[in-house]
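We use all heavy atoms of the structure for the numbers below, so side chains are in, but hydrogens, waters and symmetry mates are not.
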Amino acid sequence: MANFSKSNVPQFSVEVYQNAFLPEGGREVNAIVTVTSTGGGTTGGIPLAGSTPSPAYGPGRGPDAAVVLMVDCSGSMDYPPTKMRNARDATAAAIDALREGTRFAVVAGTHVAKDVYPGNGRVAVADQQTKAQAKDALRKLSAGGGTAIGTWLRLADRLLGAADVDIRHGILLTDGRNEHEAPEDLRAALDSCAGRFTCDARGVGTDWEVKEVTGIAAALLGTADIVADPAGLAADFTRMMENAMGKEVADVALRLWTPVGVEIRFVKQVAPTVADLTGRRTEAGPRAGDYPTGSWGDESRDYHVCVLVPEAGIGQEMLAARVSLILPDPSGAGAPQTLSQGLVRAVWTDDMVASTSINPQVAHYTGQAELAQVIQQGLDARKSGDFDGATAKLGRAVQLASASGNQDTAKLLSKVVDVVDAATGTVRLKAKVAEADEMTLETRSTKTVRVKK
C-alpha cells in the first residue's frame, strides 16, 4: 500500500488484493484494487494535518465547484400536475444544499434547453440572495414541449466550462424518453461532455427509459436511480447535492502500466457499482493507460484488474502491472501528480493448493459483476417473452445475491420472482409485476456490496 498527501488534495491509498500464484503455464492474473480517499468531503474542506492551508479552504468550504441542475419541463411533467411541482420543490431543496460560493445554474429542458437562472450563459455564485432568486425562477417553470436530453447536456457543458472551478457537476432529472432527438445525437453529446463534468441522473415516475438514464450516468461517471414516487424527489435531490458538495478533487485517473508482453483483459469498477472502464482508456506513455474515475470526496471504491502475462516456468516471478492514482496538473503545463501506487504480481509455483486458491475479494466481485449481468439478461428475456430464459437468469441472480449477502438486490428480486430456494436459485416468475418494481431492479442492478472481511 502506498499513499500521498499534499495541500488541498485528499490523501489517497491503494491496497491490492490478489492470489499472485499461478500454475505452470498459467497466464491470467486477477487483482482487486481498493482505492480510499480521506481528508476530503467530511472534513468540510479543511486541509490535512501538516499541510499548508489555502485561502480557498476553511470551515464549511471546499474547492471551487460549479453545479448545473437540469430539470425536465416537457409536457409529460404535467401528468399528474404534482410531478412538476415536486420537481420544482426538489430543485429548490438542492439549491438550499449548495455550499456558499459554489457557482450554479438552472436549466429547463424540453426539445430545447434554456438556462432559466441566472441566464445569458452565465453561472451565479451561491449566497442567500442568489439562492432566493433561483427559487423564484423555479416557481415560473411550467411543463410543455418535448424531450431532447443531448441539448440539455451541451448547455450544461457550456455553462460549466465557463466557470473557473476545480469541480464541475451536473444533476439531471427526466420523466420521459428522449424522443425528440436521434439516439446518435444523445451519444454524440455524451461523448462531447465525457471528462468535462460528472453527472447524476434520475428518472421520476415510470415512463422513462432505464438504459437512457443509466447510460447518461455511466458516460459521465455519476449515479443513476429511480424515484418512482415524485414525492421522494426533494430528499433524493438533497442527498445528491450534499454528495456533490463533498467532492474535493476531480479528474483522478487510474493509471495501469504493464511490462512488455502483458495484455490487459479488462479494468472495471466493482464497488459501489459495477462500471466497465476498459474501453475508456486513454494512452499515457509507453505501455501505460489512464482510466477515468471522476471526482472524489471521503470514500472508498474497488476496481477489478485482469491481465494476461507471458507463460513462465516454476519459480519465476514478475511484475504483472503497476496501478497508480494520477491527478493531472490543472494548468496542463506540469507533470501529473502520482497520488498513490500498488503492484500486481505473478509468481509461478508447483504448489497446487497455492495456485488454485481464489482470492476472496476477486471471487466476491466476480460474482457481483455476474449478478449485474444476469439481472439485465433476465429482465431483457422477460420483456421479449422468453420466460424460461428469464427464470434461469433471475434464478441465478437470486443465488448470487444470497451468496454474497447483497440483501438490497435480493429484496428487489423478490418483487419480480417468487423465491423457492435462494441457495440453488430456484424461482418462479411472478405473474404480475409492478412497472416501478421492475424498473427499480433494472436501474439498481449494478449496485454492489463490499466484500465481507
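Classification of R122 and D115 as a salt-bridged pair fails, no side-chain N sitting under 4.0 Å from a carboxylate O.
The shortest distance between side-chain heavy atoms of R202 and V213 does not fall below 4.5 Å. Inter-residue side-chain proximity for R281 and I264 is flagged as met; some heavy-atom pair is nearer than 4.5 Å.
One N or O on the side chain of T130 and one on the backbone of V125 form a donor-acceptor pair closer than 3.5 Å. Side chain of R168 to main chain of L160: a donor-acceptor pair is present (N/O by atom type, distance under 3.5 Å, no hydrogens or angles).
Considering all non-hydrogen atoms of both residues, T258 and A320 come closest at CG2-O, 3.8 Å.
Enclosure of atom CG in L319 by more than 12 non-hydrogen atoms of other residues, nucleotides or ligands within 6.0 angstrom is indicated.
T443 and D225 are not linked by any side-chain donor-acceptor pair at a separation below 3.5 angstrom, with hydrogens and angles left out of the test. When only modelled atom types and interatomic distance are considered, N406 and Q368 share a side-chain donor-acceptor pair under 3.5 Å. Under 3.5 Å, the side chains of D276 and T278 contain a donor-acceptor pair of N or O atoms. For the residue pair Q376 and S445, a side-chain donor N or O sits within less than 3.5 Å of a side-chain acceptor on the partner.
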Worked check of ring pair (Phe, Tyr, Trp, His ring centres under 6.0 Å) between W348 and F21
CA-CA 6 Å; W348 284 265; F21 293 105; over 10 Å; no
Assess the residue pair H304 and F266 against the criterion (ring pair (Phe, Tyr, Trp, His ring centres under 6.0 Å)); give the C-alpha distance rounded to whole Å, side-chain angles, the decisive distance to 0.1 Å, and a yes or no.
CA-CA 8 Å; H304 186 171; F266 61 77; 4.9 Å; yes
Could you go step by step and tell me if Y291 and Y303 meet the ring pair (Phe, Tyr, Trp, His ring centres under 6.0 Å) rule?
CA-CA 11 Å; Y291 301 85; Y303 298 87; 9.5 Å; no
